[in-house]
Number of protein chains: 2
Amino acid sequence: MKYFEDIALGERMPVGSHTFKADEIKAFAARFDPQPFHLDESAAERSHFGALCASGWHTAVVWMRLMVDSRRRQMGEARARGEPVAATGPALGFRELKWLKPVFVDDTIDYTSEIIAARVSESRPGVGLISLCTTGVNQHGEPVISFISTTFVERRPGTS
Amino acid sequence: MKYFEDIALGERMPVGSHTFKADEIKAFAARFDPQPFHLDESAAERSHFGALCASGWHTAVVWMRLMVDSRRRQMGEARARGEPVAATGPALGFRELKWLKPVFVDDTIDYTSEIIAARVSESRPGVGLISLCTTGVNQHGEPVISFISTTFVERRPGTS
């Protein structure tokens, strides 16, 4: 992660993409969201979704995994270039989590985050707060999930 | 689920409780949130959490599982009593998802939902919309997660 001062409003960051296979859709659902349209093709055909689709929570946690991997990769690359790496905090929470379309078997979801707000913390002068709007888009260009998260980012040393 | 007309604002509904074991905390994190403080006791002790704790997404999806089980149990009981069962839709989304405290190994989280808003749908007269605030509380009485969800509930036949 870059320092707070190096982050521009409106900046878009690729997070990664993932193809949802039938087996993993069913395995996640069996453990955490055992509704028929996430577990069984025939039951899903008779449901309002019309075909097997992933739990909305599955599409959310796959983003989490891609985000952790992406951040780790970026930090490794920055360190390899000898650049300093700004500390970030865990997300404080999520707003406006929306499932906009079903994610069907073999759909590939591409996740991107956009910086929609940035401000210096009032209580912690060495820290900035950024809000990101993350969207997952399927291979047809349709948004399937979106949410807003807020997280801490370290300020450039000497700026606070 | 009861019909929309039978649901009272302020009504609190128990969802269920779950004890987070070290093995499942690590297994979930390895798949979806591989950060050191969710994966390894020693790394977690050196982190700002101070001890191994569950991914926030893990505490959210465990609620989903308990909710599906609870709804299914209630519907089975209602059918066994010969009562009609109102249809409910999938959640349309979540607002204000907050992780308020870490969930540590062997913490037991008890989830409860409260009806905080109810209105008839303007576009679908046979349907009501209810908003629920769900809170997960640990064995010390401390809230660890909260969020607001909105879902459809069928109106009592003949009322619309």
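Lettering of chains follows the sequences in order, A, B, ..., and the numbering in each one begins at 1.
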Cluster link [X] to [Y], ILVMFWY, side chain under 4.5 Å:
X: Met67(B); Y: Leu39(A); answer: no
X: Phe152(B); Y: Phe147(B); answer: no
X: Val68(B); Y: Val153(B); answer: no
X: Ile116(B); Y: Ile7(B); answer: no
X: Phe37(B); Y: Ile25(B); answer: no

Counting only N and O atoms by type, is there a donor-acceptor contact under 3.5 Å from the side chain of Arg31(B) to the main-chain atoms of Val62(A)?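 Checked: no pair found.
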Considering non-hydrogen atoms only, spot the tightest contact between Arg65(B) and Pro34(A) and give its length.
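For Arg65(B) versus Pro34(A), the nearest heavy atoms are CD-CD, 3.5 Å.
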Bottom line for Val61(A): the part with an atom under 4.5 Å from chain B's heavy atoms is both
>> With a 4.5 angstrom heavy-atom cut-off, is it the side chain or the backbone of Arg72(A) that approaches chain B, or both, or neither?
In response: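 For Arg72(A), side-chain heavy atoms alone lie under 4.5 Å from chain B.
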Exactly one candidate in Trp57(A), Phe32(A), Phe28(A) meets ring pair (Phe, Tyr, Trp, His ring centres under 6.0 Å) with Phe28(B); the answer is Phe32(A)
Separation between NE2 (His58(B)) and CE (Met64(A)), nearest 0.5 Å, reads 13.5 Å
dist Arg95(B):CZ -> Arg95(A):CZ (nearest 0.5 Å) comes out at 12.0 Å
Look at atom NZ of Lys101(B) and say whether more than 12 heavy atoms of other residues, nucleotides or ligands are closer to it than 6.0 Å. no
